[in-house]
> 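Once you've had a glance at the structure underneath, I'll fire off some questions.
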Amino acid sequence: MTLRRQTLFAILLLCALPMLAQKQSRMALLFSNTPADLIPALSQDLKVELVKQYYTQEPTEKIRNVYGGPCRITKITDTYLRLELDSTMVVELKEFRSLLRPTRLAMGVTSTIRPAISVLTFYDSEWTPISGSSLVELPQPEQFLINSADSTRLDYKKALVERGSWDYAASFDADSPTLTFRITTFDEEMAAKQHPIVTSLLKDKITYRWKNNRFVPQP
């Protein structure tokens with residue numbers, strides 16, 4: 001490559017970099033700057049590389065996390081990011097905004113092979129952890145009943161006693177300020193076999209909407 005061509009290539013590259021930065025959403029920038037201990041499986045360089053790969057869609061080798069597992073970003077909007085951390089773990093990041101109130105960030109981590117292992121945490125705009133209890137009241141088992149009268153059924157009460165506590169998985173919608181909970185207790189084959197009637201009594205999910213700096217359950 002001649003000196004003239006090298007110079008032209010360098011100029012084109014310098015012009016393209018600001019365009020790529022401008023194309024990135026706010027959530028992509030927030031993800032790239034998450035604290036190291038928030039997603040320990042990804043270094044700072046890996047996060048930047050994942051964002052770059054998502055936007056450029058270049059056919060490159062699989063990006064692997066620090067433990068060797070393949071990872072990729074599958075969705076980015078201005079307020080949402082979905083990351084496959086490896087073949088068994090999904091991480092969702094969501095920004096919730098309110099007029100004249102502080103922005104809140106949320107992270108949901110869910111195992112695709114054991115949904116019971118699901119974690120939901122909240123942060124301020126600087127990724128400082130904040131209490132989730134001030135933002136959302138976790139749903140009670142009876143809220144998942146299709147018919148509230150079924151709370152008196154013996155098979156339902158038996159399931160409550162035998163399982164001890166019910167597990168939930170949290171997820172976000174990419175295009176709306178909502179938070180969804182789904183019961184994962186009966187995802188396990190043994191639990192489903194032990195309580196086949198109870199599973200038919202339950203809603204698929206419960207949705208909360210972000211309103212006045214708090215999550216409000218939807219009818």
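Any value given below was found using the heavy atoms of this structure, including those in side chains, with hydrogens, waters and symmetry copies removed. Just so it is clear, the structure is predicted and the values come from calculations on it, not from any experiment.
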> Less than 4.5 Å apart, any side-chain heavy atom of Leu93 and any of Tyr80?
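The answer is no, as the side chains (C-beta and beyond) never meet within the 4.5 Å cut-off.
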> Sub-3.5 Å donor-acceptor pair from the side chain of Thr56 to the main-chain atoms of Lys52, do we have one?
yes
> Identify whether the distance between the nearest side-chain nitrogen and carboxylate oxygen of Glu95 and Arg97 falls below 4.0 Å.
yes
> Just wondering, do Phe122 and Pro129 contact through their side chains at under 4.5 Å, heavy atoms?
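No, side chains not in contact.
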> When you compare the side chain of Glu84 with that of Cys71, does any pair of heavy atoms fall below 4.5 Å?
no
> Any heavy-atom pair between the side chains of Asp150 and Glu142 that's under 4.5 Å?
no
> So, are Arg82 and Glu92 salt-bridged, with charged N and O less than 4.0 Å apart?
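Salt bridge: no.
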> Going by salt bridge (Lys or Arg N to Asp or Glu O under 4.0 Å), name the pairs with one or both residues in residues 203-219, residues two or more places apart or in two chains.
none
> Give a yes or no on whether Tyr156 and Ile197 share a hydrophobic cluster (residues Ile, Leu, Val, Met, Phe, Trp, Tyr; joining criterion: side-chain heavy atoms under 4.5 Å apart).
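Each belongs to a different hydrophobic cluster.
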> Group every Ile, Leu, Val, Met, Phe, Trp and Tyr by side-chain heavy-atom contacts under 4.5 Å, then state whether Val91 and Ile73 land in the same group.
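Same cluster.
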> According to the interplanar angle, ranging from 0 to 90°, do the rings of Phe186 and Trp166 count as parallel (below 30°), tilted (30 to 60°) or perpendicular (above 60°)?
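Plane angle over 60°, so perpendicular.
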> Quick one, Leu42 with Phe31, criterion side chain to side chain contact (heavy atoms under 4.5 Å, CB included). Give me CA distance, side-chain angles, the key distance, then yes/no.
CA-CA 11 Å; Leu42 297 179; Phe31 168 73; 3.9 Å; yes
> Taking the six-membered ring for Trp, are the ring centroids of Phe96 and Phe215 within less than 6.0 Å of each other?
yes
> Tell me whether Val90 is reachable from Leu120 by hopping between hydrophobic residues (I, L, V, M, F, W, Y) whose side-chain heavy atoms are closer than 4.5 Å.
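Looking at the clustering, Val90 is in a separate group from Leu120.
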> Which pair of non-hydrogen atoms, one from Thr79 and one from Ala174, has the smallest distance, and what is that distance?
OG1-O, 4.0 Å
> Nearest 0.5 Å, what's the OG1-CD1 distance between Thr121 and Ile130?
10.0 Å
> Would you say the side chains of Trp210 and Ser98 form a donor-acceptor pair under 3.5 Å?
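Indeed, the side chains of Trp210 and Ser98 share at least one donor-acceptor pair under 3.5 Å.
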> Looking at every heavy atom in both Pro102 and Asn213, which two are closest together, and how far apart are they?
O-OD1, 3.3 Å
> List the atom of Pro177, the atom of Lys94, and the distance in Å for their closest heavy-atom pair.
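Reported closest heavy-atom pair: CA-CE, 4.3 Å.
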> To check you understand the geometry: which heavy-atom pair defines the closest contact between Leu46 and Asn65, and what is its length?
CD1-CA, 4.0 Å
> Apply side chain to side chain contact (heavy atoms under 4.5 Å, CB included) to Thr77 and Asp175, showing your working.
CA-CA 8 Å; Thr77 71; Asp175 303 310; 4.1 Å; yes
> Less than 4.5 Å apart, any side-chain heavy atom of Val198 and any of Lys158?
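No, every pair of side-chain atoms sits at 4.5 Å or beyond.
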> With a 3.5 Å distance limit and no angle check, can you tell me whether Thr207 reaches the backbone of Thr180 through a side-chain donor-acceptor pair?
no
> What pair of heavy atoms forms the shortest contact from Phe172 to Ala106, and how long is it?
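That closest heavy-atom pairing would be CZ-CB, 3.6 Å.
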> Could you tell me the separation between the CG atom of Leu201 and the CD1 atom of Ile146, rounded to the nearest 0.5 Å?
7.0 Å
> Hey, could you give me the CG/CZ distance between Asp78 and Arg26, rounded to the nearest 0.5 Å?
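With rounding to 0.5 Å, CG (Asp78) is 8.0 Å from CZ (Arg26).
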> Would you give the length of the straight line joining atom OG of Ser111 to atom CD1 of Ile113, rounded to the nearest 0.5 angstrom?
4.5 Å
> Between Lys47 and Pro35, what is the shortest heavy-atom contact and its length?
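Scanning both residues, the minimum pair turns out to be NZ-O, 4.0 Å.
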> Going by heavy atoms in the side chains, are Lys75 and Leu81 under 4.5 Å from each other?
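No, their side chains stay 4.5 Å or more apart.
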> In this structure, would Tyr168 and Val119 fall into the same cluster of hydrophobic residues linked by side-chain contacts under 4.5 Å?
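The answer is no; the residues belong to distinct hydrophobic clusters.
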> Between Glu162 and Leu160 (side chain of the first, backbone of the second, donor and acceptor by atom type, cut-off under 3.5 Å), is there such a pair?
no
> Check whether Leu50 and Leu85 end up in the same hydrophobic cluster, where Ile, Leu, Val, Met, Phe, Trp and Tyr are linked by side-chain heavy atoms less than 4.5 Å apart.
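Per the 4.5 Å side-chain linkage, Leu50 and Leu85 are co-clustered.
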> If we ignore hydrogens and angles and just use 3.5 Å, is the side chain of Gln44 paired with the main-chain N or O of Ser32 as donor and acceptor?
yes
> Are Arg72 and Ile63 close enough, and set up right, to give a side chain to side chain contact (heavy atoms under 4.5 Å, CB included), and what steps lead you there?
CA-CA 7 Å; Arg72 66 186 183 121; Ile63 298 176; over 6 Å; no
> Can a donor-acceptor pair be found, under 3.5 Å and without considering hydrogens, that links the side chain of Ser148 to the backbone of Leu145?
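No: the side chain of Ser148 does not pair with the backbone of Leu145.
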> Should Met89 and Val109 be marked as a side chain to side chain contact (heavy atoms under 4.5 Å, CB included) after you check the CA-CA gap, both sets of side-chain angles, and the distance that decides it?
CA-CA 7 Å; Met89 197 72 66; Val109 182; 3.6 Å; yes
> One pair to check against side-chain hydrogen bond (donor to acceptor under 3.5 Å, both in side chains): Asp173 and Ser176. What are the steps and the verdict?
CA-CA 6 Å; Asp173 183 79; Ser176 64; 2.9 Å; yes
> What's the spacing between Leu38 CG and Asn33 CG if we round to 0.5 Å?
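One finds 12.0 Å between CG of Leu38 and CG of Asn33.
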> Could you tell me if the side chain of Met107 sits less than 4.5 Å from the side chain of Tyr123, heavy atoms only?
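Of all side-chain heavy-atom pairs linking Met107 with Tyr123, at least one is under 4.5 Å.
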> Tell me, do Leu105 and Leu30 make a side-chain contact under 4.5 Å, heavy atoms counted?
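Side chain of Leu105 against side chain of Leu30, heavy atoms only: contact under 4.5 Å found.
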> Applying side-chain hydrogen bond (donor to acceptor under 3.5 Å, both in side chains), run through Asp86 and Thr88 and close with a yes or a no.
CA-CA 5 Å; Asp86 56 29; Thr88 66; 3.0 Å; yes
> Over 60° means perpendicular and under 30° means parallel, so tell me whether Tyr208 and Phe181 are parallel, tilted or perpendicular.
perpendicular
